[in-house]
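All values derive from a computational prediction rather than experimental measurement.
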Amino acid sequence: MGVARKRIGILTGGGDVPGLNAIIKTVTYRGSEDGIEVVGLRRGWEALTHLNLDDPASKSHYLIPLNRENTRVIDRRGGTVLHSSRTNPSKMKKLPDHLAGRGLPISESTKAGVTTKTWDVTGQVLANLSGLGIEHLIAIGGDDTLSYADKLNGLGVKIIAIPKTMDNDVRNTEYCIGFSTAITRASDAIQRQRTTIGSHERIGIFRIFGRDAGFTALYTAYATSIRCVVPEYKVNLGKLIELLREEKRANPSNYALIVLSEGAEWDGYKVQEYGEPDAYGHRKRASVAEALADEIKRRAGEETIVSDLTYDLRSGDPDFIDKLVALTFGNMAYDAILEGKTGLMSALVEGRYDLVPIPDARLGPRVLDVASTYNTERYRPLYSNKRGLPIFLNRAS
């Protein structure tokens, strides 16, 4: 083996999804067969910003040497054994004690009269990678995690990315790990709640993750044959309520169902946010489902049941598709490292596994193509014209 393939680092960033542990295990097992060390970097990018190589306690907090013994059974459950964080090394609001007074680059930004100071800790990230002897890095994450991976690649770090997010909104791939399990869970929850909503003869309103893109809401609606509202299209509120009332009256059990992306809007309603922004500038979103319920009550006098389908959908064990894709994405990343490649991401393109460039963060998340996926008259998924599409019914963009 050449020197450049001695030690691989692996990390998971952002929200957890089922399937991450399968990637960690397969990379570790393949490495053990080839005499390559695999180091688990714990808590996402925080491992590389906060790690103090002179402090044994810091090293045990942020590093875990991975081997066959400690990864043997991890693929049987969801979550990530490496833990995760929403750390953005380019914009750290608070420095770890050992970096205070080091003269790291500072930026100041003012929003709504409040000035925020942030530090760029990238120099420390590079120093830690070098100090650990990590020649190649696997970064598993969504848009935010991968935006920093792209930055490191530009600075000469050898890095391969793997897309994961139940929102399925990473560019350059048709599929992100976590998506299938989320839709399976959402469909199950909605089918279960039909009994309650039908018993009370109400309109059931479900809210699902999807800040910028409507993949989770649309595909859940597709699988359960209900209506949906997605961020990519502003519906007419009066028309939406009328459609739901019509559907309720036509249903022998006198109920109707709808699923909304958390980022969905209608004419006259703007997504409400609250709380402190995270490391990537995202604030929590007030429930669009509660807002719709209030409008239905006020305009139509109809009773509703609101259900939040959020964290439960990414908890627990992966389904078959997420396990299959996770294992394959992990093995592709490992193969790419053996070939010395960098700046690439495991992906599905036209339904086939491929390596693609890490997406350009400036383009923002991938969104639904409304014209081919969403019925803007009926506020439902489009069911026609699927011939020739890849298995997940959308194209990488």
Which atoms form the tightest heavy-atom contact between Asp317 and Pro18, and what is the distance? C-CB, 3.8 Å

Check for a donor-acceptor pair, side chain of Arg227 on one end and backbone N or O of Arg378 on the other, with a separation under 3.5 Å. yes

Which pairs of donor and acceptor atoms, one on a side chain in residues 350-359, lie under 3.5 Å apart (sequence neighbours left out)?
from, atom 1, to, atom 2, distance (Å)
Glu350, OE1, Arg395, NH1, 2.9
Glu350, OE2, Arg395, NH1, 2.6

Quick check: does any side chain N or O of Glu232 sit under 3.5 Å from a backbone N or O of Gly214, one acting as donor and the other as acceptor? yes

To the nearest 0.5 angstrom, please state how far the CG atom of Leu257 sits from the CD1 atom of Ile190. 7.0 Å

Val230 with Phe392, same ILVMFWY side-chain cluster at under 4.5 Å: yes

Salt-bridged, Asp120 to Lys151, with N to O below 4.0 Å? yes

Could you give me the CA-CA distance, side-chain angles and deciding distance for Thr110 and Thr115, then say whether side-chain hydrogen bond (donor to acceptor under 3.5 Å, both in side chains) is met? CA-CA 4 Å; Thr110 305; Thr115 301; 2.9 Å; yes

Would you mind checking if Arg30 and Asp335 are paired as a salt bridge, meaning a charged N to carboxylate O distance below 4.0 Å? yes

Greater than 12 external heavy atoms within 6.0 Å of Tyr383's OH: yes

Backbone N or O of Cys228 within a donor-acceptor pair of the Tyr374 side chain at under 3.5 Å? yes

Between the main-chain N or O of Lys341 and the side-chain N or O of His136, is there a donor-acceptor pair closer than 3.5 Å? yes

Shortest non-hydrogen contact from Glu201 to Asn254? OE1-ND2, 2.8 Å

Just checking, any donor-acceptor pair under 3.5 angstrom between side chains of Asn236 and Tyr379? no

Enclosure of Leu363 CG (heavy-atom neighbours >12, cutoff 6.0 Å): yes

Val17 and Gly178 have their tightest heavy-atom pair at CB-CA, 3.7 Å

Could you give me the CA-CA distance, side-chain angles and deciding distance for Tyr255 and Arg202, then say whether side chain to side chain contact (heavy atoms under 4.5 Å, CB included) is met? CA-CA 5 Å; Tyr255 75 94; Arg202 293 187 183 181; 5.9 Å; no

Tyr175, Val367: one ILVMFWY side-chain cluster at the under-4.5 Å cut-off? no

Inter-residue atom distance Lys386.NZ - Tyr222.OH, 0.5 Å rounding: 5.0 Å

Fit a plane to each ring of Tyr219 and Phe179, take the angle between them on a 0 to 90° scale, and name the class: parallel (under 30°), tilted (30 to 60°) or perpendicular (over 60°). perpendicular

Compare all side-chain heavy atoms of Tyr148 with those of Val125 and state whether any distance is below 4.5 angstrom. yes

Go through Thr80 and Asp16 one step at a time and tell me if the side-chain hydrogen bond (donor to acceptor under 3.5 Å, both in side chains) criterion holds. CA-CA 6 Å; Thr80 166; Asp16 69 299; over 6 Å; no

Between the side chain of Arg366 and the main-chain N/O of Asn168, is any donor-acceptor distance below 3.5 Å? yes

Leu338 reachable from Tyr29 in the ILVMFWY side-chain graph, under 4.5 Å edges: no

Decide if atom CG of Asp267 counts as having more than 12 heavy atoms of other residues, nucleotides or ligands within a radius under 6.0 Å. yes

What heavy-atom pair brings Ser346 and Ala333 nearest, and what distance separates the two atoms? OG-N, 3.7 Å

Indicate yes or no for a side-chain donor-acceptor contact from Asn251 to the backbone of Glu247 under 3.5 Å, with no hydrogens or angles considered. no

What is the minimum heavy-atom distance between Asp75 and Arg72, and which atoms define it? OD1-O, 3.6 Å

Indicate yes or no for a side-chain donor-acceptor contact from Arg43 to the backbone of His61 under 3.5 Å, with no hydrogens or angles considered. yes

Going through the distances and angles, do Lys239 and Glu246 end up as a salt bridge (charged side-chain N to carboxylate O under 4.0 Å, His left out)? CA-CA 10 Å; Lys239 182 177 171 182; Glu246 275 174 28; over 6 Å; no

Please tell me if the side chains of Leu309 and Thr216 come closer than 4.5 Å, counting only heavy atoms from C-beta onward. no

Are Leu240 and Ile205 in one and the same hydrophobic cluster, where Ile, Leu, Val, Met, Phe, Trp and Tyr link if side-chain heavy atoms are under 4.5 Å apart? yes

Contact between Met92 and Thr87 at the side-chain level, heavy atoms closer than 4.5 Å - yes or no? yes

If you measure from the Lys or Arg side-chain nitrogens to the Asp or Glu carboxylate oxygens, is any gap between Lys94 and Glu46 under 4.0 Å? no

Salt bridge flag under 4.0 Å for residues Glu242 and Arg299: no

Check: Leu126 and Leu152 side chains under 4.5 Å, non-hydrogen atoms: yes

Trace of the side chain to side chain contact (heavy atoms under 4.5 Å, CB included) decision for Lys248 with Glu302: CA-CA 10 Å; Lys248 184 173 183 284; Glu302 291 276 4; 3.4 Å; yes

Got a donor-acceptor contact below 3.5 angstrom from the Arg171 side chain to the Asp360 backbone? no

Would a 4.5 Å heavy-atom cut-off, applied to side chains only, mark His98 and Asp55 as touching? no

In Å and rounded to the nearest 0.5 Å, what is the CG to NZ distance from Asn21 to Lys323? 9.5 Å

Does Asp322 form a side-chain hydrogen bond (donor to acceptor under 3.5 Å, both in side chains) with Ser180? I'd like the steps, not just the answer. CA-CA 6 Å; Asp322 271 328; Ser180 175; 4.8 Å; no

Are Ile258 and Leu292 close enough, and set up right, to give a side chain to side chain contact (heavy atoms under 4.5 Å, CB included), and what steps lead you there? CA-CA 10 Å; Ile258 183 166; Leu292 180 61; 4.3 Å; yes

Output yes when a side-chain donor or acceptor of Thr165 lies under 3.5 Å from a complementary backbone atom of Asp167, and no otherwise. yes

Would you check if Cys176 and Asp169 make a side-chain contact, meaning some heavy-atom pair closer than 4.5 Å? no

Does any N or O in the side chain of Thr220 come within less than 3.5 Å of the main-chain N or O of Ser187, such that one atom is a donor and the other an acceptor? no

Value for CD1 (Ile134) from CG (Leu129), rounded to nearest 0.5 Å, stands at 5.5 Å

Quick check for you: to the nearest 0.5 Å, what is the distance between Thr71 atom OG1 and Lys25 atom NZ? 6.5 Å

Pair Arg298 + Glu295, salt bridge at N-O below 4.0 Å: yes

With side chains defined as the heavy atoms from C-beta onward, is the minimum distance between Arg207 and Thr310 less than 4.5 Å? yes

If hydrophobic clusters are built from ILVMFWY residues whose side chains come within less than 4.5 Å, do Leu393 and Ile183 share one? yes

If the threshold is 4.0 Å, N to carboxylate O, is there a salt bridge linking Lys6 and Glu135? no

Contact check, side chains of Ile241 and Trp266, non-hydrogen atoms, under 4.5 Å: no

Can you see which heavy atom on Asn52 is nearest to which on Lys59, and at what distance? O-CG, 4.0 Å

Nearest 0.5 Å, what's the CD1-CD1 distance between Ile140 and Ile10? 4.0 Å

